[in-house]
Amino acid sequence: MDDHIIKGRGKKFPYNNRQISWMDFNSRVMEEAFEKDNPVMERVNFLSITASNLDEFIMVRVAGIIDQIDHGIKENDLSGLSPKQQYSRLSQKIHEFSEKQYSCLNHSILPVLKKHGIFIKKDKDLTEKQRAFTDKYFDKVIFPVLTPMAVDPSRPFPLLLNKSLNLAIRLMNEEKETFFAVMQVPSVLPRFIELPSEGERDFILLESIITSRLDELFALFKIKAFCPFRITRDADLDIDEDTDDLMSEIEKSIKQRRRGKPIRLEIASKCDKQLREFLIEMLDVDESEIYECRGPLDLTFLSKFAKISGSESLSFKPIKPVTPCPDFYGYDDIFQAIREKDRFVHHPYESFDSVLAFVREAARDEKVLAIKQTLYRVSGNSPIVAALIKAAENGKQVTVLVELKARFDEENNIHWAKKLEKTGCHVVYGLSGLKTHCKICLVVRSEEDGIRRYLHMGTGNYNDSTARFYTDMGLFTCREEFGEDASSLFNVLTGYSIPPTYNQFIVAPHGMRDFFEDKIRREIENAKNGLPSGITVKINSLVDPPIIRLLYEASRANVPVRLIVRGICCLIPGIDKTSENIVVHSIVGQLLEHSRMFRFENGGEPQMFLGSADWMPRNLDKRVELVFPILDEDIHRRCDEILEILWNDNVNTRIQLPDTTYIMVDRRGKKSHNCQQEFAVLAKKALKKKVSEAVQNSSGPAQS
């Protein structure tokens, strides 16, 4: 436990290292890939997710620690570890994790795929018919896009793309001289190709076809050895936000990302010794940065493999959103529905179309004067952006805050920002030094009784693509105090307004930290005074030391604290006299849990808040975040129900132990509760009830 004790305000308290906690989260995802009860193609997909997660973690988090070491920083972090100690522990965990990934693939997944008649074949195992097929595919498709690159004194080692798959080749000429070459496996071609077969489905990887024909690419040499390899570069952008042109600065930084220092080299196991030494020298990596893989490199390709046509029965039954959303059933006019009462949506169980309809209707409604919206991450072909463009073309005043610094979405966001500007939208890029992470859309409408403001606020991005598999929530309202707050918030984001005192909004970085700390202190005081107390929170990450310190204080005051934290959790529950009244759950399942919910017992008059913020220093101090109260009693009850269903899940839930490990919920003798499946059923029942009520209240057929 000593490793998890840190000093804070003169006192020691338990605190888990955030990077190690993140690795433990990715291990929970890995468990789903090993889980025999999961359909095999879902296991394939979970394995792919672990690989994609790890890529980003190394490019950003591990790169940051290496940068600290290179700059001579020796100070311990909040968990008591120096950068060198962190790197040493992470390197060991990542190496062990990588080995487990390939153990999962080779011993747990591929045998099950074979039982279902699905094979990933090697070149030596092809039938004559299949070899004829791959030869033709190589000649007609692959060969024209290959670029072998010799490496010698006149031709330096090429700048290889981050995360690209490559081949290193050792050659020998007639004089027994050794030469080296590299070649990228074309990323523009499919990574796997289905082969002609009978009674089963055979696939082969692109690199297997290429390596079978290497001798034709280097006809004057003898191929002595080849080795697939892949590099991961430092991709954490260093952006000068004091520049006069932020967009140009970010575009420049994106180019630098492609040339970042290699910090991981993945190579095939049993790589030729001379090729290994050649790559180490050319890429300037050390042994701790080398990962030998017992299978195909870059397992992210498995995400597409998991979705091959005809394999639907080997996947989870899709959770299909109900449409229309129950709260909007029977309404042709979305603004009328919101005028009558606040409306609530729970994605993806209820269709994201309600959000799209809100923006689309605003774009074409003659009474709408203005639309103001924040965009953090949007899809590649965003219908939200299309609706905003249409609104501008229809003469509305459209203001869009596009966050250009959304990591790994910078290029996509720059593209949309330029397109929005060209069509007449007012585009702003946020506040210097702060990421704008809040999710809000304000529609200003002229009505008979004056100007009315309609709002959508959410816990997730305005992204129709991720809305299919991220769980998020949204509130629609036209309450005047919310409208005033929204106007004030956008004035801060687009102008030079001083952050106001909001009526209902809780906004970071000015006020949100104090708000949450005050709420926790109120629960502590209520417990001490014998009043009902309790805290239930659902977030993605819990890192913030002052919040964690206060939660420990709440536990010591006998406040029951229930935390649903999907990812990083630096708080350590269940420690005697410190956190014995805190329980931490992590839900990892078919859908990605993304919504943020905050419930405080408040002396018997519970309060519920939703929003965009996790409990991390960056969310509370370095971002523009929005948390808002649920004032409608019906929606409040529904949010309470959602939290209870989440808390009682025993299929997707793991419980954190005092040693920071996680175990599955013991459900022996208990009925199975899968919260995500239950929410899907509830959404269908809610819509069915609305339809039934409409039939009963109408002499004719129900509206559709």
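Because the structure is predicted, anything quoted here is derived from the model rather than measured. All values below come from the heavy atoms of this structure, side chains included, with hydrogens, waters and symmetry mates left out. Position 1 is the first residue of the sequence; numbering continues from there.
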Under the side chain to side chain donor-acceptor pair (under 3.5 Å) definition, can you give me all pairs with a residue in residues 174-188, not counting sequence neighbours?
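For residues 174-188: N173-E175, N173-E177.
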
Going by salt bridge (charged side-chain N to carboxylate O under 4.0 Å, His left out), name the pairs with one or both residues in residues 91-114, residues two or more places apart or in two chains.
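Found D24-K93.
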
[X] versus [Y], closest heavy-atom pair with distance:
X    : Y    : result
P144 : F138 : CD-O, 4.2 Å
D464 : S379 : OD1-OG, 2.5 Å
V543 : P617 : CG1-CD, 3.9 Å
E32  : V588 : OE2-O, 3.6 Å
S103 : R294 : N-NH2, 3.8 Å
A33  : L47  : CB-N, 3.8 Å

Are the side chain of [X] and the backbone of [Y] linked by a donor-acceptor contact shorter than 3.5 Å?
X    : Y    : answer
S52  : I49  : no
H95  : I290 : yes
S21  : I568 : no
R566 : E593 : yes
N45  : A306 : no

Please list, chain by chain and in numerical order, all residues satisfying side-chain contact (heavy atoms from CB on, under 4.5 Å) with [X], sequence neighbours excluded.
X    : value
K222 : K224
D139 : R213
D286 : S288, E289
S212 : D123

When rounded to the nearest 0.5 angstrom, what is the spacing between [atom1] in [X] and [atom2] in [Y]?
X    : Y    : atom1 : atom2 : result
R170 : I223 : CZ    : CD1   : 10.5 Å
I66  : Q86  : CD1   : CD    : 12.0 Å
L206 : Y137 : CG    : OH    : 6.5 Å
F226 : I169 : CZ    : CD1   : 9.0 Å
I210 : L214 : CD1   : CG    : 8.0 Å
L302 : I109 : CG    : CD1   : 7.0 Å

With a 3.5 Å cut-off and no angle check, do the side chains of [X] and [Y] form a donor-acceptor pair?
X    : Y   : result
R43  : N38 : no
R61  : Q19 : no
N53  : N26 : yes
Q101 : T50 : yes

Count the heavy atoms belonging to other residues, nucleotides or ligands that lie under 6.0 Å from [atom1] of [X], then report whether that count exceeds 12.
X    : atom1 : value
F469 : CZ    : yes
D70  : CG    : yes
K422 : NZ    : no
H71  : NE2   : no

Hey, what's the ring geometry for F229 with F157, parallel, tilted or perpendicular (30° and 60° as the breaks)?
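Judged by the thresholds at 30° and 60°, the geometry between F229 and F157 is tilted.
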
Evaluate the ring planes of H594 and Y470, with Trp represented by its six-membered ring, and classify them as parallel (under 30°), tilted (30 to 60°) or perpendicular (over 60°).
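Judged by the thresholds at 30° and 60°, the geometry between H594 and Y470 is tilted.
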
Once salt bridge (Lys or Arg N to Asp or Glu O under 4.0 Å) is applied, do any residues pair with [X], and if so which ones, sequence neighbours excluded?
X    : value
R28  : none
E277 : none
D152 : R155

Look at [X] together with [Y] and state whether they make a salt bridge at an N to O cut-off of under 4.0 Å.
X    : Y    : answer
E292 : K270 : no
R276 : E287 : yes
E421 : K419 : no
R264 : D234 : no

Could you give all pairs that pass the ring-ring contact (aromatic ring centres under 6.0 Å, His included) test and reach residues 292-311, with sequence neighbours left out?
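Found F192-F305, F203-F305.
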
In chain order, what residues pass the ring-ring contact (aromatic ring centres under 6.0 Å, His included) check against H415, with sequence neighbours excluded?
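Per chain and number, H415 pairs via ring-ring contact (aromatic ring centres under 6.0 Å, His included) with no residue.
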
Kindly list each side-chain donor-acceptor pair under 3.5 angstrom involving residues 115-122, sequence neighbours excluded, with atom names and distances?
| from | atom 1 | to | atom 2 | distance (Å) |
| --- | --- | --- | --- | --- |
| K121 | NZ | D125 | O | 3.2 |
| K121 | NZ | Q130 | OE1 | 3.2 |

